[in-house]
Amino acid sequence: MFQSKLLKYFLVAIPFFVSQLHAQIISQESFLELLKKNHPLFEKEALSVDIEREVQNSLLGTRDWQILSSVTLSRETPSIAFSGPERTDVISVNGGLQKQFWQTGGRLTTSFTSSRAEIDIAPVFGFPDGFYQNEFAITYSHPLLKNRKGFLDRLSHDLKEFDIDFTRIIALENQENFLTESAGKFFDWLFLTEQKKIFTGRLNLSEEELTNVRKKRNANLIDEVDVIRAEDAVLISRQNLMLASSQEKAVQAELAILSRNSNLYNLSPENTLYKVTTLAPLEHETAQLEETSRLLKSLQIRLKQFEFSQRGFEETEKPDLSVVAQLNLKSIDTAFGESMVLDKPDMVVGLQYSLPLGNRAAKSNVQRTDILIKQIAKQREEIGLELESAVTNVYIQLQELQKVLDLNREQIESAKRKTMEELKLYDQGRGQLTFVIQSRDNEQNAKLTYAGNALSYQKLLVRYRSLMDQLL
């Protein structure tokens, strides 16, 4: 009888194993690659870096040549005119260029002004009643203290580089958080697939038991109540299988939509549910956080940004001392053509100095930034402790869960041996079917507990890798 049961088991199991051999599988790593390739979140997060880069590029506009132009028309009529003009009409056109030099902090301005003046004055011998005046001017100022080498000119642009680096890290962190959540859903899919497999095996055994019970009942070897018990066990197994199948299909559909890959409906997850990973010593892992943690890097970037900004505020505290050089070429004449001969030069070279009394705004900004730097340093220290404690927590749970999984395997083997013994007793007429069903249910529950603990282990491992920034 035992040989016939064994043969029947193989006949039931062979189609399942053959189907598994031909089934296409997908690993967790391949699924995550699909997400990175197809899900819009990854491109969206990458675009946030491009946005910050364009904001920085917009600050380059202060380096461009600036075109200056103006047209003015004026009329002056004095209230009392004893010997001066009764009225003066002037039209003036001005155009020029201006340029900031970021490497030196210098300012260059060039301009050309052309004017026509009409003077209404009592006749005076030799005094014209109208004339033209043209002037070309070039001015250059060079800072010696404040904004030396153009530090303040470049400050906003250079500070934006820290924002770009910070945004890039946050984008990676958001992507990894999404992958962490998605990897958990992948293991949910794998668990439900394994659960369905367990329920399928339990249903096969229930149906086999029902067939044997009916034969025994037909031979009047057992009571009708055993047939009812066997039928009830089949119904329960079918219900469990249908529930697991519906849940598995729902999660599979969710993952197919997230990855934008309809082929996922034809795939099965690679069975790594019970795979255990050997981790490096805890001291080694926590020591790596200082170098690998994105959160710590993001705070370090903010710290450097505030330190760089501090230099800017300290720069504004300096006196504004600049060398200024100016060259003017001008001419005035009653004829427009003659006025274009710029033969009257003027040249000025000098120093300009200014300093706000008290300079309280700059000093307050320096002190405030100094406090912010201390706060960021403490926040980084705080986050470092939280990360280390979280990693330690998950690491210990992973190590302890491995021991639990070992016990689960022993429990499954014990449940199997108990089932075999209960089945022997029942076949010999010395046991009850209720005990056989209970024993098989215990065996199924042991397998489900093993699968559930394995799921917890895999999700903890995903979280651990996320904390260590190893998932992306």
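By convention here, the first residue in the shown sequence is residue 1.
For S141 and S322, the side-chain atoms include no donor-acceptor pair closer than 3.5 Å. Judged purely by distance below 3.5 Å, without hydrogens or angles, the side chains of Q28 and E270 never pair a donor atom with an acceptor atom. For the residue pair S206 / R202, a side-chain donor-acceptor distance below 3.5 Å is found, with atom types taken as modelled. Residues T392 and S389 bring no donor and acceptor atom of their side chains to less than 3.5 Å of each other. For the residue pair R107 / Q98, no side-chain donor-acceptor distance below 3.5 Å is found, with atom types taken as modelled. Of the N and O atoms on the side chains of N204 and E208, not one donor lies less than 3.5 Å from an acceptor on the other residue. At a cut-off of 3.5 Å, with distance as the only test, no side-chain donor of N38 or N261 sits close to an acceptor on the other residue. Between Y464 and E285, the side chains place a donor N or O and an acceptor N or O closer than 3.5 Å (distance only, hydrogens not considered).
Between E413 and R417 there is no salt bridge, since no side-chain N of the basic residue sits under 4.0 Å from a carboxylate O of the acidic one. Between E314 and K363 no salt bridge is recorded (no basic side-chain N to carboxylate O distance below 4.0 Å). Checked for salt-bridge contact, E33 and K36 meet the test: a charged N lies under 4.0 Å from a carboxylate O. Classification of K418 and E421 as a salt-bridged pair fails, no side-chain N sitting under 4.0 Å from a carboxylate O. A salt bridge is absent between E443 and R440; no separation between the charged side-chain nitrogens and carboxylate oxygens falls under 4.0 Å. Under 4.0 Å is where a charged nitrogen must lie from a carboxylate oxygen, and between E307 and K304 no such pair does. Salt bridge status for E181 with K185: present, with a side-chain N to carboxylate O gap under 4.0 Å. Using a 4.0 Å cut-off between charged nitrogen and carboxylate oxygen, R53 and D50 do not count as a salt-bridge pair. Note on D165 versus R168: salt bridge recorded, some NZ/NE/NH1/NH2 to OD/OE distance being below 4.0 Å.
Contact detail for Q195 and L448: the closest heavy-atom pair is CG-CD2, 3.6 Å. The shortest heavy-atom contact between A256 and L264 is N-CD2, 3.4 Å. Contact between D469 and S293 at its shortest, heavy atoms only, is OD2-CA, 3.2 Å. The minimum heavy-atom distance between P269 and T193, with the atom names listed, is CG-OG1, 3.7 Å.
S259 OG to K37 NZ: the interatomic distance, rounded to the nearest 0.5 Å, is 11.5 Å. Residue L460 holds its CG atom at 12.0 Å from OG of S466, rounded to the nearest 0.5 Å.
Looking at R217, K216, R214 one by one, the single match for salt bridge (Lys or Arg N to Asp or Glu O under 4.0 Å) with E224 turns out to be R217. When the options F191, F187, F186, Y274 are evaluated for a side-chain contact (heavy atoms from CB on, under 4.5 Å) with Q458, the one that passes is F187.
A 4.5 Å side-chain heavy-atom check between L159 and Q305 finds at least one atom pair inside the cut-off. Contact check for I26 versus S268: no side-chain heavy atoms found under the 4.5 Å cut-off. At least one side-chain heavy atom of Y457 sits less than 4.5 Å from a side-chain heavy atom of T277. Side-chain contact between T109 and L97: absent, with no pair of heavy atoms (C-beta onward) separated by less than 4.5 Å. Under the 4.5 Å side-chain criterion, counting only non-hydrogen atoms from C-beta, F42 is in contact with L179. Side-chain contact check for P40 versus R260: some heavy-atom pair is nearer than 4.5 Å. The shortest side-chain heavy-atom distance between F31 and L255 falls under the 4.5 Å cut-off. Side-chain contact between R294 and E176 is present, with heavy atoms from C-beta onward closer than 4.5 Å.
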- [ ] Take R238 and E207 through the test salt bridge (Lys or Arg N to Asp or Glu O under 4.0 Å) and record every step on the way to the result.
- [x] CA-CA 10 Å; R238 285 177 180 171; E207 290 176 340; 3.4 Å; yes

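Remark: R63 is positioned above the aromatic ring of W102, its terminal NZ or CZ atom under 6.0 angstrom from the ring centre and at most 45 degrees off the axis. R302 forms a cation-pi arrangement with F166, by the criterion of a distance under 6.0 Å to the ring centre and an angle within 45° of the ring axis.
Taking the ring centroids of F162 and F306, they lie at or beyond the 6.0 Å cut-off.
Ring planes of W65 and F101: perpendicular class, angle over 60° (limits at 30 and 60°).
Judged purely by atom type and a 3.5 angstrom limit, S364 has no side-chain atom pairing as donor or acceptor with the backbone of R360.
Taking a 6.0 Å sphere around CD of Q375, one finds it holds 12 or fewer heavy atoms contributed by other residues, nucleotides or ligands.
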